[in-house]
Structure formats: structure tokens, C-alpha cells
Colleague: 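Would you mind keeping the following structure in view while I ask a few things?
By convention in this document, chain letters (A, B, ...) are assigned in the order of the sequence lines, proteins followed by strands, and residues within each chain are numbered from 1.
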Amino acid sequence: MLIPKEQWKPADGIELEKNAEIVVKSNCNYLVIAGPGSGKTELLAQRACFLLQTGICYSPKRILAISYKKEAAKNLAERVQKRCGQKLANRFVSLTFDAFAKSLLDRFLYGLPEVYRPDVNYDINPSVLREGKRSILLRFEGKEPKHLLTGDYVDGIHSLSIENIINKKMTDKKLPFNNEPNNLEEWMINELWKLFLKGDKDFKPALTFPMISRLAEYILRENPFVLKALRATYSHVFLDEFQDITGVQYDLLKTCFLGSNAVITAVGDNKQRIMEWAGALRNSFELFEKDFNAQRINLLMNHRSAPRLVELQKVFIKEAFGEKIDLSDLKIENSKKWSKDDGICEVWIFNDYIKEAQILSENIKKWLNSEDLSHRDICVLVKQRPSKYTNMLIKTLAENSMNARDEGEVSDLLNEEIIQFIINLFSLALNINGNNSYTFVYDFIKILNGYDDDTPERFLIKLESEITELLRFANEKLLKIDNQKQIVELYKIIIRYLKMDRLISYFPQYRNTAWFNDLMNKSIKLLWNEFEITNNWSKAITNFIGINSIPIMTIHKSKGLEYDTVVFIGLEDSAFWSIKNQPEQDTCAFFVALSRAKRRVIITFSKYRDVGANPCQTAENVKKFYELLAKSGIVEYRDFM
DNA sequence: CCCTTTAAGCTTTTT
DNA sequence: GCTTAAAGGG
């Protein structure tokens with residue numbers, strides 16, 4: 001059953017580059033610098049296979065893989081299962097950082113001292129954080145201890161920045177917090193911890209994710225047995241997108257595994273470090289090398305982009321990142337699947353955003369029709385505020401019967417299990433050729449019923465007829481719907497059929513009623529919107545899923561994704577206003593945008609754009625980017641003015 | 001109530 | 001760095 005180490009070969013005939021193979025078979029901590037398209041998911045999947053198939057990670061030991069996005073965690077798990085089969089993949093645990101921290105907290109809640117123990121029914125992110133943090137402050141008005149009202153704090157809690165306290169200060173330091181506060185800010189931090197942990201008559205206990213990580217870290221530090229159990233479980237740890245790790249998360253990582261026998265493989269790219277403003281550590285690579293005695297190694301292949309785009313990326317790296325960059329960054333090679341002239345990068349200059357939208361629409365139409373691209377092969381990127389920058393384009397595309405939409409608005413919604421269920425149910429009810437819809441709906445209801453493969457067949461047969469009846473009912477109702485309220489009714493009937501308590505027991509996140517209702521309302525609104533436009537339920541569902549719309553998103557959202565053609569709208573000062581405060585991060589952001597494309601990048605500049613009171617756009621501050629593009633000799637400039 | 005001044009949001013993820 | 005929302009003063 002086990003494969004000897006020397007005989008092990010990468011699964012599915014995949015060829016790994018030399019450095020990737022070194023990491024896959026390594027037995028020490030590595031920091032893998034993996035640029036765009038270098039195949040880091042594949043590297044981690046192959047390493048998982050190597051460890052499991054050779055028995056280096058032997059049963060019951062497990063591999064813990066930590067990502068940042070649910071989607072990334074899911075993709076990696078699926079890849080491992082595909083490469084080495086379900087049985088071995090059962091010992092591959094792929095989680096997001098927050099899911100990992102939360103699972104520790106939920107399992108070992110009672111390992112916390114009473115003061116720090118959250119109510120077992122805590123919510124995540126109190127709704128009040130969204131509605132107005134100031135209202136939290138008000139409940140402490142006048143209760144400030146008199147002796148702390150000195151110096152900067154004579155005005156009491158009003159002199160505090162509540163935003164800063166909740167987002168940063170509360171989780172700045174490891175627990176425990178100082179029980180005898182020396183100033184008003186410390187007092188406020190303590191009061192907020194108590195309120196969030198325990199709640200009161202009009203505040204439901206609710207934690208933020210950084211708080212959860214701090215609590216999990218505290219449990220492990222205070223309970224040697226829990227720590228020992230964790231370390232006994234995982235022999236190997238993978239850390240994806242390591243450039244994004246926050247200080248809070250790094251502390252948790254150290255408490256978990258520093259000084260243990262776990263072999264850690266961290267993968268990341270400092271050229272894509274765009275999350276510093278949200279707390280990502282600037283020096284995570286150096287810290288990891290030092291603390292964990294990790295070796296640094298670079299991947300040199302770019303499997304994604306066409307040769308001319310790889311060349312452009314290299315020029316960009318060399319000129320924009322300067323001496324900070326490892327020399328091997330300039331040795332990147334492109335994949336053999338391209339011919340050497342492949343790859344297009346153009347800068348399109350417009351007088352106004354109306355012309356910009358027209359020209360883009362014409363070209364997108366051409367790409368869709370004559371280049372055989374599908375909507376999902378194209379992506380429209382913006383630095384921030386997608387709606388502001390792409391309003392006109394969406395309108396113009398619609399006038400030419402093409403769809404584009406802000407993917408950020410809907411992607412989380414569409415990925416929720418309950419929404420997936422509803423989509424699949426409606427697709428089936430309307431006889432849309434969904435490939436796996438029936439399996440999805442059947443399995444979903446089967447699980448909720450607590451059925452498995454040992455369940456007597458008569459129950460399963462009954463279940464099938466129940467589903468048939470549900471589909472018939474949904475079909476009948478859907479076809480009669482002529483206002484939004486009737487969709488609400490249909491949703492209610494479906495949820496009542498599924499039973500909320502059963503839903504919650506399998507998807508505990510839906511315990512948060514406000515969030516669940518929000519999901520429902522958003523999807524109803526979106527669905528109704530699509531129906532109003534199309535007046536056809538099949539089309540409405542297809543549009544709701546977005547198969548026929550071009551995704552629009554921010555650069556941040558696009559990280560980790562790839563598209564044949566990338567249209568970056570608005571390489572302008574007003575879009576990159578932050579370039580003065582955070583030049584490195586904005587350079588990284590532009591690099592991320594550039595490197596999403598497999599074959600073609602179009603970058604636009606419009607002299608006039610309605611993004612604010614001053615429509616006249618400049619490119620003084622982003623001049624650096626234009627100079628770089630021009631210098632490469634690869635980019636073609638087209639003037640549409 | 002209106003005008004002026006100040007502060008916050010922008011770019012994210014996570015159950 | 002610029003826009004918009006909230007707060008403060010007369």
C-alpha cells in the first residue's frame with residue numbers, strides 16, 4: 001500500500017520543477033516564494049500526496065493546511081482528494097485560519113478561565129459593528145472611573161476612537177488583558193471584552209475573528225494537554241498565502257507549532273502583499289525564517305501567462321520593486337504550451353468614460369463572438385469602488401445585450417450552502433440542465449434527515465418521492481410568481497420544509513439569524529431583479545448564477561484568480577489615491593492586476609470620469625506605472641481621444 | 001435650520 | 001487624497 005520514498009512520482013503525470021520537487025519531498029521547514037501562476041496549489045497538493053502515500057505522515061497523523069479564503073481551502077482539499085483518493089485525503093485537513101481558530105475555541109471553551117469564556121451561543125461580528133460603533137460607546141457614557149479622567153481623557157469615552165479600539169487595540173496584545181487599567185483606553189478595552197464575551201440584556205454575545213484567534217491562543221498557552229493533543233494530531237502544516245498572515249494569527253501559529261515536531265511549509269509571494277493595511281505583517285517572511293529556522297526557496301515557472309506577459313511582469317518586477325526583490329524573481333520561465341509571440345498588453349487612452357465604455361463594449365463583443373471566449377474568460381478589474389468605475393460600461397454592455405456585474409457583491413452569497421441548495425432546487429424545478437443539481441439537492445436533504453448509506457432503502461425511496469413532490473410544487477409556484485413577496489413566501493415554505501433547527505445543526509453558522517435572514521433577503525432581491533429584467537425564470541436563474549455575465553471586481557478580490565483577458569479600468573490618480581501613503585502596496589496591487597491575465601491585458605485611462613466633484617483625471621502620481629509599461633517595449637498604446 | 005468643520009470610509013476575510 | 005456623512009455653532 002505504501003510507496004517507498006524513492007519510488008514516489010507526482011500524481012496524474014504532473015511534472016514538477018526542480019525546486020518544487022525539493023519542497024515536496026522535504027523534511028524541514030520551508031518558505032516557498034511562489035510568484036503568480038507558479039502552481040502553488042499544485043505544489044501543496046503534491047506534497048500532501050507524497051507525505052500520505054509514502055507514510056511519512058502515517059495514520060492517524062494528519063496534515064493541517066491553512067488558507068485565508070474558504071474557496072482556496074476547498075480547492076486545495078479537492079485537489080488532494082483528486083490526486084490521492086478519498087481514503088488518504090481524510091487525513092488532510094484544509095481549513096481557513098479563522099475556521100481553525102474557531103474550532104479550537106469551540107472545542108476547548110471550558111479550558112478558558114471563567115472571565116474569558118465566551119457565552120457558548122456567541123455570534124460572530126455583532127450587527128452593531130456594522131450599524132454604528134458609536135452606539136456601543138454610548139452605553140459606557142458616564143460610567144468611566146473618575147480617576148482615569150485625566151490628561152488626554154478628560155472628555156471621557158468621547159476622546160476615544162472606538163473604531164481603532166475594536167479593530168486594533170482590543171486584539172493588539174496577547175491575553176490576559178490588564179485587570180487594573182492604567183488609562184481610559186485600557187479600561188474601555190476591558191469593558192468591551194467583557195461585553196462581547198458575555199453580552200447583556202440588549203447585547204447578544206458576539207466575537208470578532210481576531211478575538212477568536214486570541215482566545216484560541218490563550219487556551220493553548222494555558223492548557224498544556226490541549227496543546228499536546230494538537231501537536232500529536234498534526235505532523236505537517238501547510239500555510240498558504242503566507243504574506244497575508246496578521247500579527248494575531250502569527251502569535252497563534254507560534255503557540256501552536258513553535259518548538260513542536262511539525263514540519264511547516266509556508267507558501268507566499270511578497271510581490272503580492274496587498275493586505276498590510278488590514279493587519280498583514282510586513283515582515284512575515286523574515287520572522288518565519290528566523291523563528292522557525294525555515295529555508296527560503298523560489299519557484300521559477302509561470303504556468304499561467306503567455307511569454308510576452310511574463311516578460312512584462314519581469315520588467316515590472318525589476319523596475320518597480322527594485323532591490324527588495326530576490327534575483328531569482330527575474331529568472332521566471334514561461335510554460336511551453338505558448339508560442340513565443342503570445343501575449344498582448346495594451347494601454348487605451350480615452351477622452352471620456354462614455355467613449356471608453358463604447359470601445360470596450362465593441363471589443364468585448366468581438367472577443368465573445370469571434371475569439372470563442374466565454375463571459376467567464378474575461379474579467380474587468382478596478383482598484384476600488386467597482387460600481388463607480390464601471391457603471392457606464394455595464395450600461396453600455398446591456399444596451400448591446402451583454403451582461404457584466406460586480407462579482408464581489410454576489411460571490412459570497414452564491415457560495416453559501418443554503419443558496420446553492422435553492423439554486424439547484426429551482427434549476428431542477430425548471431428543468432434547466434444542471435449536471436449535478438439532483439445529486440446536490442438529494443444529498444442535502446439526505447444529510448438533514450440524518451440518513452446515510454446504512455439507512456433502510458424504504459426511507460430513501462420515500463425521500464425521493466418527497467423531493468419529486470417538492471420539485472413539482474416549486475415549479476408550480478415559480479411559474480405563478482408575479483411579485484417579490486411571492487418569492488419570499490416560496491422561500492419560507494422551503495425553509496419550513498428543511499426545518500430551521502435541522503439546518504442549524506448541520507450548518508451552525510445559520511444560528512446567526514440576522515445574517516441568515518440577510519442572505520435570504522439579498523438572494524430574493526437579486527433573483528427578483530433578474531426576473532423583472534428577463535421575465536423568464538430559466539433565464540433569471542442562469543443570470544442569477546452569472547454564467548453569462550462578465551465578472552467585475554476589485555484587484556483585491558481577484559487575487560488567486562486567472563482569466564484569459566483582463567481589462568483594468570482606470571489607471572488614474574483618483575483610483576490610486578493611496579499611492580502616496582502606501583506606494584509599495586499599490587505597486588503590489590498593480591502587479592496583482594497585471595499577473596491575473598493568461599493572454600491579454602487591456603489597461604484604460606479616461607481623461608474625464610464621473611467619480612466625484614472633479615471629473616478631470618490625472619496620471620501624475622501613477623506616472624511610474626506608465627513609464628514602466630512603455631519601457632518594456634511590449635505594451636502598445638492606443639489613443640482613442 | 002443652515003452653514004462650516006470634522007471625521008470616516010475607501011481596498012478583505014472569516015461562521 | 002477626495003467624497004460623503006455626521007457633528008457643531010450661530
Colleague: B:dT15, C:dG1, B:dT14: which one has an atom nearest the side-chain heavy atoms of A:N581?
Modeller: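 Among the listed nucleotides, the one closest to the side chain of A:N581 is C:dG1.
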Colleague: Of all the nucleotides listed (B:dG9, B:dT12, B:dT14), which has the minimum atom distance to the side chain of A:N125?
Modeller: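 From the listed options, B:dT14 comes nearest.
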Colleague: Would you mind classifying the nucleic acid contact of A:F209 as base, sugar-phosphate or nothing, using non-hydrogen atoms under 4.0 angstrom?
Modeller: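 Since a base atom lies under 4.0 Å of A:F209, the category is base.
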Colleague: Considering every strand and a 4.0 Å limit on heavy-atom distances, what is the contact class for A:K70: base, sugar-phosphate, or nothing?
Modeller: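 Sugar-phosphate only.
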Colleague: Are A:Y68 and B:dT13 stacked, counting the six-membered base ring, centres under 5.5 Å, planes under 30°?
Modeller: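 No; by the centre-distance and plane-angle rule, A:Y68 does not count as stacking on B:dT13.
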Colleague: Judged by modelled atom types alone, do A:E356 and A:T604 share a side-chain donor-acceptor pair under 3.5 Å?
Modeller: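 A:T604 and A:E356 do have a side-chain donor-acceptor pair below 3.5 Å.
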Colleague: Say whether A:D352 and A:S606, considering side chains only, have a donor N or O and an acceptor N or O under 3.5 Å apart.
Modeller: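 Absent: no donor and acceptor within the cut-off.
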Colleague: For A:R609, is there an ion pair with A:E572 - N to carboxylate O distance below 4.0 angstrom?
Modeller: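 Counted as a salt bridge, because a side-chain N and a carboxylate O are separated by less than 4.0 Å.
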Colleague: For A:R79, which residues count as a side chain to side chain donor-acceptor pair (under 3.5 Å) partner, sequence neighbours excluded?
Modeller: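 Result, side chain to side chain donor-acceptor pair (under 3.5 Å) vs A:R79: A:E42.
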Colleague: For A:P210 and A:Q582, take the nucleotide of DNA chain B holding the closest heavy atom to each; which residue's nucleotide lies nearer the 5' end?
Modeller: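 Its nearest nucleotide being more 5', the pick is A:Q582.
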Colleague: For A:M553 and B:dC10, give me the distance from atom CE to atom P, rounded to whole Å.
Modeller: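 Value for this atom pair: 19 Å.
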Colleague: Given atom CZ of A:F576 and atom C1' of C:dG1, what is their separation to the nearest angstrom?
Modeller: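 Spelled out: CZ on A:F576 to C1' on C:dG1 is 14 Å.
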Colleague: OP1 or OP2 of C:dT3 sitting under 4.0 Å from any side-chain N/O of A:K388?
Modeller: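 No.
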Colleague: Could you check how far CZ of A:R511 sits from P of B:dT14, rounded to whole Å?
Modeller: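 Rounding to the nearest Å, CZ of A:R511 and P of B:dT14 are 19 Å apart.
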Colleague: So does A:E409 pair up with A:R405, basic N to acidic O under 4.0 Å?
Modeller: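 No salt bridge links A:E409 with A:R405.
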Colleague: Atom CD of A:Q384 to atom P of B:dC10: distance rounded to whole Å?
Modeller: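 Whole-Å distance recorded here is 9 Å.
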Colleague: Would you tell me whether A:S578 and A:Q582 have side-chain atoms, one donor and one acceptor, within less than 3.5 Å of each other?
Modeller: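 Yes, a side-chain donor-acceptor pair sits under 3.5 Å.
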Colleague: Checking A:Y234 now: which residues fulfil side chain to side chain donor-acceptor pair (under 3.5 Å) with it, not counting sequence neighbours?
Modeller: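 Result, side chain to side chain donor-acceptor pair (under 3.5 Å) vs A:Y234: none returned.
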Colleague: Please state how far atom CG in A:D573 lies from atom P in C:dC2, giving the value in whole angstrom units.
Modeller: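 For the pair A:D573 CG and C:dC2 P, the rounded distance is 9 Å.
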Colleague: Nearest whole angstrom, please: distance from the C1' of B:dT15 to the CG of A:L503.
Modeller: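 Distance check: A:L503 CG to B:dT15 C1' gives 15 Å.
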Colleague: For A:H556 and B:dT14, give me the distance from atom NE2 to atom P, rounded to whole Å.
Modeller: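 Going from NE2 in A:H556 over to P in B:dT14 covers 15 Å.
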Colleague: If the cut-off is 4.0 Å, is A:T96 near the phosphate of B:dT15, judged by side-chain N/O to OP1 or OP2?
Modeller: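 Answer is yes, contact under 4.0 Å.
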Colleague: When you get a sec, tell me which of B:dC10, B:dT12, B:dT14 is the closest nucleotide to the side chain of A:W577?
Modeller: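 Side chain of A:W577 sits closest to B:dC10.
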Colleague: Pull out every residue in residues 588-597 of chain A that has a heavy atom closer than 4.0 Å to any atom of DNA chain B, ordered by number, or say none.
Modeller: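 Heavy-atom contacts with DNA chain B come from no residue of residues 588-597 of chain A; none.
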Colleague: Less than 4.0 angstrom between a side-chain N/O of A:K102 and OP1 or OP2 of B:dT15, yes or no?
Modeller: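 It does not, given that no N or O in the side chain of A:K102 lies less than 4.0 Å from OP1 or OP2 of B:dT15.
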Colleague: Does A:N183 reach the main-chain N or O of A:E186 with its side chain, forming a donor-acceptor pair under 3.5 Å?
Modeller: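 Yes; judged by distance alone, with no hydrogens or angles, the pair exists.
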Colleague: Could you tell me which residues satisfy salt bridge (Lys or Arg N to Asp or Glu O under 4.0 Å) with A:R502, sequence neighbours excluded, listed by chain and number?
Modeller: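 Partners of A:R502 under the salt bridge (Lys or Arg N to Asp or Glu O under 4.0 Å) test: none.
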Colleague: With respect to the phosphate group of C:dG1, does any side-chain polar atom (N or O) of A:S574 fall under 4.0 Å of OP1 or OP2?
Modeller: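 Checking A:S574 against C:dG1: no side-chain N or O falls below 4.0 Å of OP1 or OP2.
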Colleague: Run the salt bridge (Lys or Arg N to Asp or Glu O under 4.0 Å) test against A:K70 and tell me which residues pass, sequence neighbours left out.
Modeller: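 Counting only residues at least two positions away or on another chain, A:K70 forms a salt bridge (Lys or Arg N to Asp or Glu O under 4.0 Å) with A:E416.
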Colleague: Can you check the A:F100 CZ to B:dT14 C1' distance for me, whole Å?
Modeller: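 Computing the A:F100:CZ to B:dT14:C1' distance gives 15 Å.
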Colleague: Which stems, defined as runs of 3 or more consecutive Watson-Crick or G-U wobble pairs with both pairing distances under 3.5 Å, involve DNA chain B?
Modeller: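 Result, WC/G-U stems under 3.5 Å: B:1-10 with C:1-10.
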Colleague: Does A:D269 pair with A:K271 as a salt bridge, N-O distance under 4.0 Å?
Modeller: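 Counted as a salt bridge, because a side-chain N and a carboxylate O are separated by less than 4.0 Å.
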Colleague: Can you tell me how far P in B:dT11 sits from the matching atom in C:dA5, rounded to whole Å?
Modeller: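 It works out to 15 Å between them.
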Colleague: State whether the distance check finds a donor on one side and an acceptor on the other, under 3.5 Å, for side chain A:W277 versus base B:dT12.
Modeller: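 Under the 3.5 Å cut-off, the side chain and the base do not form any donor-acceptor pair.
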Colleague: Tell me which of A:A99 and A:D586 sits closer to the 5' end of DNA chain B, going by the nucleotide each one is nearest to.
Modeller: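 With A:A99 and A:D586 compared, the 5'-side residue is A:D586.
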